[in-house]
Each structure stands twice: as structure tokens, then as C-alpha cells.
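As the structure is a computational prediction, the values presented were derived from the model and not from experiment. Scope of the values below: all heavy atoms of this structure, side chains included, with no hydrogens, waters or symmetry mates.
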Amino acid sequence: MMFSGFYTAASGMLMNQRRLNAVSNNMANQNTPGYQAKKVIGTTFDEELLRQQGGIETNIGGGSPIAIVAEEVIDFTQGNLKETNRPYDMAISGNGFFVIQGEGQEYLTRNGNFDRDNEGYLVLRGVGRVLGDDGPIKVDNGFFNVGSTGGVFSENGQLLGMLRVEEPADYDALVQNDNGTYTSGGQTTRVYPTVSQGRLEASNVNLGKEMTDAMSVQRAFQSCGKALTIIDQMNQKTASEIGKL
């Protein structure tokens, strides 16, 4: 039974470490435009096995529950839109993500805090160039306007490109990166939400809730750690007593 308790406490520590990582990343990205909070949902090995078998019970022996991650859930609720009056800032009202050309792959993001690189292309710093329907969008001298449908126009009215906004067919197929961008393992569809220039979507992180969750997870992590210490001491005492026989 001591080994069973050891596995329960150890799995609890691993589970709570995953939760703490998610909470810490949410807090670190509170001020990242368009960032969407993530939550780790836990379960036990027996419950997950039962779920995957469609509710058919399988006798796998008795023992203490082993904690595992059931899923990581992202809150896709739109954040508040804030006025910045900065021409490179853009925000999406509705569903969809901007598409960024990174190194070797495309990324999806709600972060419209764009800039212009030294070649005149719109970029998301640290990620890559902003894609339009016909490729990266070049704004040359930086004087441009963005229409509500995502059209980027030069100061004399010439169309420079249409911001490419995509929505995944399956949001569960999105993989969130630490900086709030996503990679998609499934299909996406071109959509036409309202795009605003001079505004940014704030993150949907609730800092008060995240701080409360962080304290709760830390306490649970410490409790599992203390349990492991006690079990280890019991094992050492048992081994010592056996050695005296």
C-alpha cells in the first residue's frame, strides 16, 4: 500500500505542476493583446480509461487513484477592445484569427499589435509577417488605412492587400504556444469579421482568479510533497526494522 500511496502523491505533484505552469503562463500574458487563458483539467487514470472505453468498465485491479491530465481547455471568449490610436494596431470583432507567416509554418493569433519591418512588411514582432489573401502585406512607408472588412489601403486608396482571417473547423485542434499564438492541426476557413484599426483586443485573463488558483495549486503541490516525504520516511523505517529481524 505504501507504493500505491507513493504513486498517488507523485502523480498529484505532477498534475499540480502542470496546473501551476498554466496559471503562471496566464499571469505572465495578462498584458499580451489577444491572449486567451488556459486551464488544465485533471482526472484519474481509472476515470479516463472508463471514458475512452465508452463507459465499459474493465477490472484493472484495486489501488489508489493516479492523477492525470484529462485535457487543457482554452477560454476563447473575446477580450475587451481598447483604443490605442496606433495605426499598426488591429483588432478582430467576432470569430477568427490573424494569420502570421513564421519560420517554416503559419501561426494563428488574436494579437494585432503589429509593426513594420525594414522591408516595409507588416509583422508581429518575434513571430513573422502578417499574411493577406495574396501573401505578406507590404505597407512601404507606413501610411495606410484598414477597412472594417480587413482591406489594407495606401494613403491614395490603392488596395495593398486583404488581411487573411481564418477560423478553425475544430477549436480543440488548436495548440497554444506560450506567446499566445496557435498552430492548427486541422482545417481552417476564411472568414470576414469586423477588423478595427487603432484598437487592440485585451487578454481575457482574470488576474484575481488566476492568483487565487495559483495559491490553491501551490498548497495542493506542497501537500503532495509532504505526503511523499512521510511515505519515504515510513519506507526507510520499515526497511530498517526488517533488517533487524
Please examine the side chains of [Y] and [X], heavy atoms only from C-beta on, and report whether any two atoms are closer than 4.5 Å.
{"X": "Val130", "Y": "Ile100", "value": "yes"}
{"X": "Leu207", "Y": "Met27", "value": "yes"}
{"X": "Ser148", "Y": "Thr194", "value": "yes"}
{"X": "Leu131", "Y": "Glu106", "value": "yes"}
{"X": "Phe97", "Y": "Leu174", "value": "yes"}
{"X": "Arg190", "Y": "Glu166", "value": "yes"}
{"X": "Val152", "Y": "Leu163", "value": "yes"}
{"X": "Arg86", "Y": "Asp115", "value": "yes"}

Using 0.5 Å steps for rounding, measure from the [atom1] atom of [X] to the [atom2] atom of [Y].
{"X": "Phe144", "Y": "Leu159", "atom1": "CZ", "atom2": "CG", "result": "13.0 Å"}
{"X": "Phe98", "Y": "Leu108", "atom1": "CZ", "atom2": "CG", "result": "11.5 Å"}
{"X": "Arg110", "Y": "Phe76", "atom1": "CZ", "atom2": "CZ", "result": "10.5 Å"}

For Leu20 and Ala214, work out which heavy atoms get closest and say how close.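 In this case the closest contact between Leu20 and Ala214 is CD1-O, 4.3 Å.
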Given the rule in the salt bridge (charged side-chain N to carboxylate O under 4.0 Å, His left out) test, do Arg129 and Asp117 qualify, once you have shown the distances and angles that lead to the verdict? CA-CA 9 Å; Arg129 289 176 173 173; Asp117 66 15; 3.0 Å; yes
Given 3.5 Å as the limit, does a donor-acceptor pair link the side chain of Gln176 with the main chain of Gln36, or not?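 The answer is yes, because a donor-acceptor pair under 3.5 Å joins these two groups.
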Is there a continuous path of hydrophobic side-chain contacts, each under 4.5 Å between heavy atoms, that joins Tyr171 to Val99?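 Yes, Tyr171 and Val99 fall within the same hydrophobic cluster.
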If you draw a 6.0 Å radius around CD in Glu103, do more than 12 non-hydrogen atoms from other residues or ligands fall strictly inside?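 No.
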Tell me, yes or no, whether the heavy-atom count around Asn80 atom CG, taken from other residues, nucleotides or ligands under 6.0 Å, exceeds 12.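 No - once you tally the heavy atoms of other residues, nucleotides and ligands closer than 6.0 Å, there are 12 at most.
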Tell me which one of Asp134, Val139, Asp133 satisfies side-chain contact (heavy atoms from CB on, under 4.5 Å) with Ile137.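 Running side-chain contact (heavy atoms from CB on, under 4.5 Å) over Asp134, Val139, Asp133 with Ile137 returns exactly one hit, Val139.
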Under a 4.0 Å threshold between the charged nitrogen and the carboxylate oxygen, would Asp213 count as salt-bridged to Lys39?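 Looking at Lys39 and Asp213, the cut-off is not met.
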Checking Asn206 against Glu210: is there a side-chain donor and acceptor pair closer than 3.5 Å?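 Result is no, nothing qualifies.
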So, applying side chain to side chain donor-acceptor pair (under 3.5 Å) with Tyr35, which one of Asn204, Thr109, Asn26, Asn111 is it?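 So the option named by the test is Asn26.
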